[in-house]
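Written out below as structure tokens is the structure these notes cover.
As the structure is a computational prediction, the values presented were derived from the model and not from experiment.
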Amino acid sequence: MKRQRTKTKPAEDGTEGRDTFFWWEDDVLVVNILGKPAASRDAIGKPKGRQLQVSVTEAPRFGRATDHMVRFLAGEFGVAPHAITVVFGRFNVNKQLRIKAPVKLPGVFR
């Protein structure tokens, strides 16, 4: 028997039932990332499920690709690199970032 998909209501903190790769918590933008290190160019890709694909040119060694991604995304969002916090996934392709008070939003967020 095929399982029927149901939508769940968000919890009080707004964490359950998310169908998107980003959400707002006051002035903080929270983004789920699927990273692609050692790419040919730095680029923000398309959403894939509940993650946003982001490619960076840096090789995945000792967290350098994540550090490079933070610097790249800081420019894309118009914030300083220290305004972006890596919640989890510094050494993994699956990441969650918190961006404090972004000045601009790339087109995929509209």
Side-chain angles (χ1 to χ4, degrees):
M1 185 168 153
K2 199 170 191 178
R3 185 174 171 186
Q4 191 175 15
R5 294 183 89 180
T6 58
K7 290 191 176 188
T8 58
K9 292 177 83 176
E12 285 295 315
D13 63 356
T15 56
E16 289 181 25
R18 294 204 193 286
D19 290 332
T20 183
F21 64 91
F22 74 96
W23 62 93
W24 290 92
E25 293 177 359
D26 296 322
D27 68 338
V28 176
L29 177 65
V30 183
V31 185
N32 289 327
I33 302 285
L34 176 61
K36 183 180 177 211
S40 60
R41 64 187 179 98
D42 296 336
I44 296 176
K46 296 180 181 178
K48 184 173 184 179
R50 294 180 182 161
Q51 293 178 304
L52 177 65
Q53 293 179 333
V54 178
S55 303
V56 293
T57 55
E58 188 68 45
R61 289 199 169 77
F62 310 112
R64 290 183 194 153
T66 300
D67 295 341
H68 183 83
M69 181 182 293
V70 166
R71 288 189 302 273
F72 166 66
L73 291 175
E76 295 294 307
F77 287 96
V79 297
H82 65 80
I84 299 178
T85 305
V86 180
V87 178
F88 62 81
R90 186 162 189 281
F91 301 106
N92 195 317
V93 295
N94 301 303
K95 308 173 187 314
Q96 187 176 85
L97 304 179
R98 294 176 58 85
I99 305 167
K100 180 144 178 70
V103 176
K104 56 186 179 177
L105 293 175
V108 72
F109 289 89
R110 295 184 185 122

Listing request: all salt bridge (charged side-chain N to carboxylate O under 4.0 Å, His left out) pairs with a residue in residues 87-97, at least two apart in sequence or in separate chains. Asp67-Arg90
Shortest non-hydrogen pair, Pro60 vs Ala65, comes out as CA-CB, 4.0 Å
Restricting to pairs with a member in residues 72-107, which pass ring pair (Phe, Tyr, Trp, His ring centres under 6.0 Å), not counting sequence neighbours? Phe77-Phe109
For the atom pair CG (Leu105) and CZ (Phe22), what is the distance rounded to the nearest 0.5 Å? 7.5 Å
Mind checking the CZ-CD1 spacing from Arg98 to Ile84? Nearest 0.5 Å is all I need. 12.5 Å
Without placing hydrogens or testing angles, list every side-chain donor-acceptor pair under 3.5 Å for residues 39-46, not counting sequence neighbours.
unit_1 : atom_1 : unit_2 : atom_2 : d
Asp42  : OD1    : Thr57  : N      : 2.8
Asp42  : OD1    : Thr57  : OG1    : 3.4
Asp42  : OD1    : His68  : NE2    : 3.2
Asp42  : OD2    : His68  : NE2    : 2.9

Trp24 side chain reached by Leu29 side chain, heavy atoms, under 4.5 Å: yes
Please find the pair of heavy atoms, one from Asn32 and one from Gln96, that lie closest to each other, and give the distance. OD1-NE2, 2.9 Å
Other members of the hydrophobic cluster containing Leu34, with the 4.5 Å side-chain heavy-atom rule, please. Val93
What side chain to side chain donor-acceptor pair (under 3.5 Å) pairs are there with at least one residue in residues 99-110, not counting sequence neighbours? Asp27-Lys100
Hydrophobic cluster membership, with links at side-chain heavy-atom distances under 4.5 Å among I/L/V/M/F/W/Y: are Val108 and Leu73 in one? yes
Between Met69 and Ile33 the two heavy atoms that sit nearest each other are SD-CG2, 3.8 Å
Can you list everything that forms a side-chain hydrogen bond (donor to acceptor under 3.5 Å, both in side chains) with Glu76? Sequence neighbours excluded, please. none
Applying salt bridge (Lys or Arg N to Asp or Glu O under 4.0 Å), name anything that partners Arg64, two or more places apart in sequence or on another chain. none
Quick one: list whatever passes side-chain hydrogen bond (donor to acceptor under 3.5 Å, both in side chains) with Gln51, sequence neighbours left out. Asn94
